[in-house]
Protein chains: 2
Amino acid sequence: MAEDKSPPAFEQISTLLARGKFVRARELLHAMDPADVAHLLESSPSKARLSLWQLVDPDQEGDILDELSEDVQRGILKLMDADKVAAATEGMETDDLAYVLRGLPDEVYRKVLKAMDAQDRSRLEQVLSYADDTAGAIMNTDTITLRPDVTVDVVMRYLRRKGELPKGTDSLYVVNKADKLVGEVPLSVLVTASPTDKVKEVMDHEPEPVHYNMPETEVAQLFARYDWYSAPVVDDEGHLLGRITVDDVVDIIREDASHSMMSMAGLDDEEDTFAPVLKSTQKRTIWLGINLLTALAAAAVSNLFEDTLAKLATLAVLMTIVPSMGGIAGSQTLTLVIRGMALGHIGTQNSRFLFTKEMAIGLLNGLIWAGLIALIVGLWKQDWELSGIIAFAMGINLIAAAAAGVTVPLVMKKFSIDPALAGGVVLTTVTDVVGLFAFLGSATLLMT
Amino acid sequence: MAEDKSPPAFEQISTLLARGKFVRARELLHAMDPADVAHLLESSPSKARLSLWQLVDPDQEGDILDELSEDVQRGILKLMDADKVAAATEGMETDDLAYVLRGLPDEVYRKVLKAMDAQDRSRLEQVLSYADDTAGAIMNTDTITLRPDVTVDVVMRYLRRKGELPKGTDSLYVVNKADKLVGEVPLSVLVTASPTDKVKEVMDHEPEPVHYNMPETEVAQLFARYDWYSAPVVDDEGHLLGRITVDDVVDIIREDASHSMMSMAGLDDEEDTFAPVLKSTQKRTIWLGINLLTALAAAAVSNLFEDTLAKLATLAVLMTIVPSMGGIAGSQTLTLVIRGMALGHIGTQNSRFLFTKEMAIGLLNGLIWAGLIALIVGLWKQDWELSGIIAFAMGINLIAAAAAGVTVPLVMKKFSIDPALAGGVVLTTVTDVVGLFAFLGSATLLMT
C-alpha cells in the first residue's frame with residue numbers, strides 16, 4: 001500500500017541520530033525512496049537537515065536533490081564540491097540536471113560541466129541555453145522518434161532491441177527527413193495497431209507541439225486544459241527538440257500556486273519552512289518595512305485631523321472600522337481578479353464587464369454595511385449625526401475598495417508587476433486613506 | 001501549434017452573438033475543442049454564458065460540462081431536463097459522470113440514472129457509493145487486467161482485438177484469480193518485452209495501489225511526490241477497483257491551491273468570477289459580517305480607553321500602527337504554517353521546533369521594529385515617553401503575532417477547522433486586541 005511508503009516517522013530517525021546510532025539511521029535512509037528522503041529533509045530543521053544529508057546513499061543524491069525545493073537544494077549544494085555534484089547528478093534527466101545546475105555558483109557549475117562526458121554536456125548546454133521558466137528549460141531531450149513509412153512491426157522490434165524507454169514515455173514522435181514533427185503515436189495506439197500497419201496510418205497527424213519559448217505557466221495551463229500526459233517541444237521551423245512530461249507540469253502547478261499564496265503574504269515563494277531564524281527574518285523584513293510605510297501614511301492622514309480627534313475621542317474609537325471593512329472587501333475583489341488572471345479567464349474584452357460587476361457589488365455592499373453600521377453606532381453611541389457620518393464613509397470606502405480591487409491588479413499586470421506580491425499593499429493603502437479621509441473629514445466638516 | 005488552439009477571441013463570438021449571427025457563432029463553437037468551449041464559458045458573464053450554451057454541439061455537452069468548475073456547471077445543469085442530461089453525459093468516464101451527477105437536484109439525478117443502461121448504472125452507482133473527495137470518487141473503473149501466466153504475445157493480440165484502450169491508459173494491471181492486484185505492466189515495458197515472456201516475468205511485482213478511502217488531497221500528494229501518471233485503487237483486501245489518472249490529479253491540485261488562496265480572502269473556493277452580482281454579494285457577506293464583528297471588538301477595546309484618547313489625541317493618530325504591523329507579521333507566519341501543513345511538512349514532532357523558530361523571529365522582529373518606530377515617533381512627535389510606549393507595544397504585539405501565527409492553525413487543524421478559511425480572522429483579532437491593549441493600556445498607566 002502506498003500509505004505504508006510514507007516516510008518513517010521523523011522521530012524514529014531523529015531519535016537514532018540523537019542517540020548517535022548513525023549506522024542504523026543510515027540503513028533506514030538508504031532503504032527509503034528518494035522522494036521520501038527529500039520529504040524528510042524538507043520537514044527537518046536546517047541543522048538536522050545537514051546531518052541527515054551526510055548519511056544518504058550517494059547513489060540517490062541526484063534523485064533526492066531533484067525533488068527538493070530551490071532553497072533547501074541550494075543550502076545542500078553549497079556544501080558539496082564540484083566532483084561530488086558531478087557524481088551525484090550522473091544519469092539524471094537533462095531537464096532535472098539543468099534545474100540543479102542553475103542553482104550552483106558559477107565556479108562549481110563550470111567544474112561540473114567539465115566533469116561530464118561530451119555528449120551529455122552538449123545536450124545539457126542546449127537545455128541551459130533556453131530561458132529559465134520556459135518550455136525549453138523544462139523539456140527532456142531523450143525522445144524516441146520514428147519515420148512515417150516504417151511498419152508497426154519494425155517499430156516494435158526496434159523498441160525491443162532498445163530494451164528500455166526513457167522515463168515517462170507515453171508517446172513516440174514521428175519526424176520527417178528534416179527532423180520536423182509530423183505526427184505522434186501514443187503507446188496505447190501502438191499496442192492496439194496491426195503489425196503490418198505503417199506508422200503514418202496509425203499516427204495522430206495533428207500533434208500539438210509547444211514552442212520552446214512558451215512560458216512554463218502557459219504550458220501548465222495547456223496540460224491542465226487538454227488533459228495531456230506529455231507534449232513535444234519544437235522550434236520556429238517545427239523541428240522536434242524534446243518533450244515535456246506531466247510530472248514536471250505537476251511541480252510547476254504546485255509552485256505557481258504556492259507562489260501566489262506566499263506572495264500575497266509578502267513571503268518569498270521558495271521560503272523554506274525550517275530555514276534558520278536570521279535568514280527568515282531578513283526575508284520578511286522588506287514586507288514589514290513596506291507595511292510600516294503604509295501604516296505611517298494612514299497615521300499621517302489621521303494626524304491632519306488631530307484637532308477633531310482631540311475634541312471628539314469617540315471618533316478615535318470608531319475610526320478603524322471603516323478602513324478595516326474596506327480592506328477586507330477590497331481584498332476579496334483583488335483575490336478574485338488575481339485568480340481569474342492566473343486561470344486565464346480575464347482579458348481585455350471582459351475586464352470592463354468585471355469592473356461593472358464588482359462596482360455593482362461594491363455599491364450593494366456599501367448600502368448593506370452603511371445601513372448596519374449606522375444602526376450599531378447610533379444605538380451604541382446614541383449619536384445619530386455620528387451614525388450618519390460613519391455610514392457615509394463606509395459607503396464611499398466600499399465602493400473605492402471595489403474599484404481598487406479590480407483596477408490595481410489590471411494596471412500592475414500592464415506594467416509587469418506581480419499583483420499577488422504588491423496588490424495587497426497598494427489596495428489597503430487606498431482603503432485606509434479613503435476610509436480615514438471620508439470618516440474624519442466629514443466629521444470635521446459637520447461636527448466641529 | 002498549441003498556441004493557435006487557444007479559444008478564438010471572446011470578442012469574435014460575442015460580436016457575432018450581438019449581431020444576431022447565431023448560425024456563424026454556432027459553427028465556430030462546434031469547431032472548437034470542448035476544453036476551449038469550457039474555457040470560453042468560464043470567461044463569459046453569466047448571461048452570455050447561457051446564450052452560448054444553447055449553441056454548443058449537443059455531442060460535446062458532456063465533455064464541456066466535465067471541464068467546467070462546479071459553480072458554472074451547476075448553473076447550466078439547472079436549465080437542462082433529465083433526458084437532456086442523460087443524453088449529454090452518455091459515454092463519459094465514470095468518475096467524470098459521478099462528478100457531474102453529484103451536482104444535480106435529487107429528482108433529476110434519479111431520472112438520469114434511470115435513463116442509463118443497466119451496466120453503466122451499476123458501475124456508476126459503485127463510484128457514487130464512495131465518499132466525495134476520496135480516491136474511490138475520482139477513479140475510473142475501466143481498467144484493463146491481465147493474468148500473470150499469459151505471454152506478452154497473447155496480451156498484444158488481446159489488445160489488438162480490443163482495438164482501443166480506455167483514455168489515459170499507461171499501465172495494465174495484473175490480478176490473480178481472486179481479482180487481487182499482484183502486479184502492474186506499464187505500456188512502456190510491454191512494448192519492449194519479448195513476445196515469449198510471461199506477464200509475471202515482466203511485471204512490476206510491487207505495484208503501489210491507493211486505498212479507495214484515501215482523501216483525494218493525499219492521493220494528489222503521492223502523485224506529485226512519486227511522479228506517477230496513474231495508480232490502481234484497491235479495497236481492504238487488495239481487490240482491484242479501478243484506477244486514478246494524473247489528469248484528474250492535476251485538477252485536484254489546482255482546486256486545492258485555488259481553495260487555500262480564495263479561503264484566505266473569505267471567498268467560496270468555487271466562486272465564479274463572472275457570477276451575477278446578487279449571488280456574489282451574498283457569498284461575500286458572511287465574511288464581511290465576521291470582519292465587522294472583529295472591527296467592533298477592536299473598537300470596544302479602544303472604547304475602554306476613551307478618556308485617555310480624549311486627553312491625548314496623538315494616541316488616536318498613532319494607535320493603528322501597532323495592530324497593523326502585528327497583523328502583517330502574524331499572517332506571514334500563518335501563511336507559512338498553512339502551506340507547510342498543505343505540503344505535509346509539519347507534524348507533531350517538528351511543530352515545537354517551528355514554534356521556537358517563529359518565536360525567535362518574532363522577538364527579533366519585535367526588537368527591530370520597536371527600535372525603528374521609537375525613533376520615528378520620537379522625532380515626529382518630539383515625545384520620547386510616547387516613543388517608548390509605542391516601542392513596547394510593538395515588541396509585545398510582534399511576539400504575540402508569531403505565537404498566534406503558529407498556534408492558531410495547529411489548534412484549528414486539531415478541531416478540523418480549515419485554517420486557510422478562519423485563521424486570518426482569528427489572528428487579526430488577536431493582533432488588534434493585543435496591540436491596542438498594549439499601546440493604549442501602557443499610555444493610560446504612564447501618561448495620564
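Convention: sequence-line order gives letters A, B, ...; per-chain numbering from 1.
- In this structure, the portions of A/Gln332 lying under 4.5 Å from any heavy atom of chain B include both its backbone and its side chain.
- At a 4.5 Å heavy-atom cutoff, the contact between A/Leu372 and chain B is made by side-chain atoms alone.
- If you tally non-hydrogen atom pairs under 4.5 Å between each of A/Pro166, A/Gly362, A/Pro195, A/Ala420 and chain B, the highest count goes to A/Pro195.
- Summarising the geometry, atom CG belonging to A/Leu292 is positioned 5.0 Å from atom CD1 belonging to B/Ile373; distances are rounded to the nearest 0.5 Å.
- A distance of 6.5 Å separates CH2 in A/Trp380 from CG in B/Leu296, rounded to the nearest 0.5 Å.
- Panel note: side chain A/Asn350, backbone B/Ser43; a donor-acceptor pair is recorded below 3.5 Å.
- Considering only heavy-atom pairs separated by less than 4.5 Å from chain A, the leading option among B/Ala193, B/Pro34, B/Gly340 is B/Ala193.
- Taking chain B as the reference chain and counting heavy-atom pairs below 4.5 Å, the highest number among A/Thr320, A/Val219, A/Val155, A/Thr245 is found for A/Thr245.
- Annotation for A/Ala316 and B/Ala316: closest pair CB-CB, 3.4 Å, computed over non-hydrogen atoms.
- The choice from B/Gly163, B/Ala38, B/Ala220 that makes the most heavy-atom pairs within less than 4.5 Å of chain A is B/Gly163.
- For chain B, the nearby part of A/Phe353 is the side chain; its heavy atoms alone come within less than 4.5 Å.
- The part of B/Ile368 that comes within reach of chain A is its side chain, from C-beta onward, which places non-hydrogen atoms under 4.5 angstrom from that chain.
- If you measure heavy-atom distances from A/Lys167 to chain B, the contacts under 4.5 Å come from the side chain alone.
- Residue A/Ile376 touches chain B through its side chain alone, counting heavy-atom pairs closer than 4.5 Å.
- Side-chain contact between A/Glu67 and B/Asp227 is present, with heavy atoms from C-beta onward closer than 4.5 Å.
- For a residue to count as touching a neighbouring chain, one of its non-hydrogen atoms must lie under 4.5 Å from one of that chain's; by this rule A/Leu436 does not touch chain B.
- A/Asp170 is not listed as a side-chain neighbour of B/Leu187, based on a closest heavy-atom distance of 4.5 Å or more.
- With a 4.5 Å cut-off on non-hydrogen atoms, B/Thr335 touches chain A through its backbone and its side chain both.
- Ranked by heavy-atom pairs under 4.5 Å with chain B, the list A/Ala231, A/Ala295, A/Ala300 is led by A/Ala295.
- Both the backbone and the side chain of A/Ala224 have a heavy atom closer than 4.5 Å to some heavy atom of chain B.
- Rounded to the nearest 0.5 Å, atoms OG (A/Ser230) and OH (B/Tyr229) are 6.5 Å apart.
- In terms of non-hydrogen atom pairs under 4.5 Å with chain B, the most contact-rich of A/Pro276, A/Ala298, A/Ala35, A/Ala329 is A/Ala35.
- Contact annotation for A/Leu398: neither backbone nor side-chain heavy atoms come within less than 4.5 Å of a heavy atom of chain B.
- B/Ser194 touches chain A through its backbone: at least one of N, CA, C or O sits under 4.5 Å from a heavy atom, while the side chain does not.
- The side-chain contact (heavy atoms from CB on, under 4.5 Å) check on B/Thr314 picks up A/Glu306, B/Leu318, B/Lys381, B/Leu386, with sequence neighbours excluded.
- When each of B/Ala257, B/Gly168, B/Pro186 is checked for heavy-atom pairs under 4.5 Å with chain A, B/Gly168 comes out on top.
- Between B/Asp33 and A/Arg225 there is no salt bridge, since no side-chain N of the basic residue sits under 4.0 Å from a carboxylate O of the acidic one.
- Residue contact with chain B, scored on non-hydrogen atoms closer than 4.5 Å, involves the backbone and the side chain of A/Thr285 alike.
- The closest side-chain heavy-atom distance from A/Leu364 to B/Val277 is below 4.5 Å.
- Counting heavy-atom pairs closer than 4.5 Å to chain A, the top residue among B/Lys162, B/Gln221, B/Met319, B/Glu164 is B/Met319.
- Rounding to the nearest 0.5 angstrom, the gap separating the CE atom in A/Met156 from the CG atom in B/Leu190 is 6.5 Å.
- Taking 4.0 Å as the cut-off between side-chain N and carboxylate O, A/Arg284 and B/Glu358 count as a salt-bridged pair.
- Here A/Leu288 is the residue among A/Leu309, A/Asp247, A/Leu288 with the most heavy-atom pairs under 4.5 Å with chain B.
- Residues forming a side-chain hydrogen bond (donor to acceptor under 3.5 Å, both in side chains) with A/Asp251 (at least two apart in sequence, or on another chain): none.
- Contact record, B/Ala299 with A/Val317: O-CG1, 3.2 Å, taken as the closest heavy-atom pair.
- Looking only at heavy-atom pairs under 4.5 Å with chain B, the residue among A/Ile321, A/Leu312, A/Val250, A/Asn291 that has the most is A/Asn291.
- The contact between B/Thr333 and chain A is made by backbone and side chain atoms together, counting heavy-atom distances below 4.5 Å.
- The CZ atom of B/Arg339 lies 10.0 Å from the CZ atom of A/Arg254; values are rounded to the nearest 0.5 Å.
- With a threshold of 4.5 angstrom between heavy atoms, A/Met264 approaches chain B through side-chain atoms but not through N, CA, C or O.
- Here OG1 of B/Thr294 is found 9.0 Å from CE of A/Met325. Values are rounded to the nearest 0.5 Å.
- Formation of a donor-acceptor pair under 3.5 Å by the B/Arg160 side chain with backbone atoms of A/Thr192 is not found in this model.
- Residues B/Lys357 and A/Pro45 have side chains not in contact (no heavy-atom distance under 4.5 Å, counting atoms from C-beta outward).
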